[in-house]
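Reading through the structure tokens given below for one structure.
Excluded from the calculations below are hydrogen atoms, water molecules and symmetry mates; all remaining heavy atoms, backbone and side chain alike, are included.
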Amino acid sequence: MIGICSYKDLANYGYWDEKFGYRERDWYVIILGNLNSHQESSALKLILDNYSYLNKRTKDVRYFMPGFMVENKGIKSFLRKSWTTSLDEIFHFYKKKFAFDEDGFIETVHWLEESVNYEYSEDTEIILLPYHRKSMQHEPVCDFEHMLSYNLDSLLKQDKNIIYFITKAVKVVSQNMTFAETKELMEGVFEDTMNTKIHKVFVAGAKALDRERDGVRSALSQLSNRGKTLFKTWTFEDFPRSFSKDGRQYDYDTFIRESADTVVFIIDDRIGEITMHEFDIAIDSFLFSEHPQILVYVQEEGADSSFDRDINYIKDRCNQSNPKQYYNDYADIKDLKNQVMRDFSTLIR
């Protein structure tokens with residue numbers, strides 16, 4: 001997964017031959033996304049979040065992101081160690097930490113639009129562009145007539161797993177087949193992606209447990225990368241900070257009751273009033289409509305007697321439900337992540 005300043009860097013075929021090997025016929029895989037766009041792209045954000053994973057999965061394919069700084073090992077980046085809160089802040093982070101050449105990106109868009117009956121959608125897209133060469137000494141000749149493009153933001157808005165789609169698309173073009181064979185397989189990949197599912201998760205717990213929430217997000221992101229289910233996580237940090245007519249807590253409660261497929265409760269040595277309120281909302285909703293599923297993870301070290309009383313209340317309510325809801329003790333964040341991956345793997349079978 002390589003950052004290039006613009007399409008002009010594709011002409012450096014000697015470097016790409018050395019890096020990837022020479023083929024008479026091959027495909028460029030181009031992720032077209034504008035980091036500076038006023039119309040911020042959730043798909044681009046998700047791709048950058050999963051940069052390390054995608055880079056490992058696609059290392060033997062000519063896989064380019066125009067506008068991003070060229071680096072021998074991929075995109076020049078300083079990926080965050082912990083989650084940022086809102087989408088606005090995430091893009092503010094990326095704009096500071098990624099070297100992005102908007103002029104080179106725009107050059108690439110113009111090159112594609114002038115070469116084929118194509119118009120950039122202003123969303124993040126994946127472009128599959130075939131090319132051929134007479135020999136190692138000849139420049140690649142792009143076959144724009146048979147170029148394939150897919151709108152990743154559109155797929156994401158339909159709750160489809162775009163990381164799954166990208167990895168499958170890259171696998172298809174790496175097989176070096178004819179255009180007809182590639183197109184047929186890509187139609188299957190697209191249909192398969194449209195059958196993927198999204199699983200919405202609300203992560204509840206004390207504000208201080210930010211590392212634990214990050215651990216849950218990380219575990220679910222890894223799980224998304226392994227299969228067709230895309231796990232999307234929300235915490236109180238992911239809701240708009242603007243004025244809410246009925247209050248912010250009302251928004252959280254409504255999401256738990258009406259939108260979340262699963263609610264995860266992370267509890268340490270005390271249980272706050274808000275966490276207990278959200279647990280009651282979730283369990284009452286489950287008892288009424290069998291929705292959402294509930295997972296409780298508890299680290300009891302340092303707890304006092306009031307904690308014991310509250311935990312017994314939670315255990316009793318979990319045991320009253322049919323089927324019973326998950327209740328687990330965890331030792332540390334690594335153990336929490338392992339349990340989350342195990343439990344959600346069970347939930348989606």
Side-chain angles (χ1 to χ4, degrees), residues 29-51 53-54 65-67 83-95 100 105 109 112-113 118-128 147-170 172 186-203 217 220-242 244 251-252 254-262 291-292 344 348:
V29 180
I30 301 172
I31 298 291
L32 207 57
N34 184 2
L35 191 62
N36 294 340
S37 173
H38 67 281
Q39 182 177 304
E40 292 175 341
S41 164
S42 296
L44 183 58
K45 177 259 176 187
L46 189 60
I47 290 166
L48 295 177
D49 276 344
N50 287 275
Y51 160 75
Y53 172 79
L54 287 169
M65 295 186 71
W83 282 79
T84 329
T85 53
S86 68
L87 188 62
D88 288 343
E89 289 174 331
I90 287 168
F91 272 93
H92 177 68
F93 173 88
Y94 285 134
K95 288 171 184 176
F100 185 74
F105 168 81
V109 171
L112 291 169
E113 290 183 331
Y118 165 81
E119 183 176 352
Y120 178 53
S121 66
E122 305 299 332
D123 288 335
T124 296
E125 300 181 7
I126 182 170
I127 308 288
L128 308 180
M147 185 178 85
L148 301 173
S149 64
Y150 304 88
N151 188 313
L152 297 176
D153 274 301
S154 177
L155 283 174
L156 192 59
K157 287 172 184 175
Q158 297 174 71
D159 293 334
K160 304 307 174 186
N161 191 341
I162 64 168
I163 303 301
Y164 173 85
F165 181 78
I166 291 170
T167 56
K168 293 298 181 183
V170 167
V172 167
M186 281 306 302
E187 287 173 353
V189 168
F190 186 82
E191 183 178 351
D192 206 19
T193 302
M194 294 305 290
N195 291 328
T196 60
K197 298 178 181 178
I198 185 168
H199 193 101
K200 299 179 181 179
V201 182
F202 184 83
V203 185
R217 288 187 192 265
L220 293 177
S221 177
Q222 292 178 50
L223 207 55
S224 292
N225 293 336
R226 296 179 182 181
K228 295 182 181 180
T229 301
L230 174 64
F231 293 96
K232 295 182 71 173
T233 56
W234 282 262
T235 72
F236 70 91
E237 300 158 314
D238 296 303
F239 287 78
R241 295 183 176 181
S242 56
S244 176
D251 295 340
Y252 308 153
T254 301
F255 186 88
I256 289 170
R257 275 192 302 260
E258 299 179 5
S259 300
D261 296 299
T262 301
H291 183 92
F344 276 91
I348 62 175

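- For the atom pair CD1 of Ile256 and OG1 of Thr262, the computed distance is 12.0 Å after rounding to the nearest 0.5 Å.
- One finds the CE atom of Met186 at 4.0 Å from the CZ atom of Phe165 (value rounded to the nearest 0.5 Å).
- Ser224 contributes a side-chain N or O that, together with a main-chain N or O of Leu220, makes up a donor-acceptor pair within less than 3.5 Å.
- At least one side-chain heavy atom of Val201 sits less than 4.5 Å from a side-chain heavy atom of Phe344.
- Results of the side chain to side chain contact (heavy atoms under 4.5 Å, CB included) test with Leu156 over Leu44, Asn161, Leu46, Ile198 single out Leu46 as the only residue that passes.
- Between Ile31 and Pro66, the shortest heavy-atom contact is O-CD, 3.2 Å.
- Looking at every heavy atom in both residues, Lys200 comes nearest to Ser259 through CD-O, 3.7 Å.
- Taking the side chain as every heavy atom from C-beta outward, Asn34 and Val109 never approach each other to under 4.5 Å.
- The aromatic rings of Phe202 and Tyr252 sit tilted relative to each other, their planes meeting at an angle between 30° and 60°.
- Looking at His291, its side chain does come within 3.5 Å of a backbone N or O of Ala260 through a donor-acceptor pair.
- Ile162 contributes atom CD1, which lies 9.5 Å from atom CD1 of Ile126 (distance to the nearest 0.5 angstrom).
- Nearest approach of Glu125 to Asn151, heavy atoms of both residues: CG-CA, 4.2 Å.
- Here the rule is side chain to side chain contact (heavy atoms under 4.5 Å, CB included) with Tyr120, and of Leu112, Ile127, Leu32 only Leu32 fits it.
- Interatomic distance, CG of Leu152 versus CG of Asp123, reported as 9.0 Å (0.5 Å rounding).
- Taking CZ of Phe190 as the start and OH of Tyr150 as the end, the distance is 8.0 Å to the nearest 0.5 Å.
- How far CD of Gln158 is from OG1 of Thr193: 11.0 Å, rounded to the nearest 0.5 Å.
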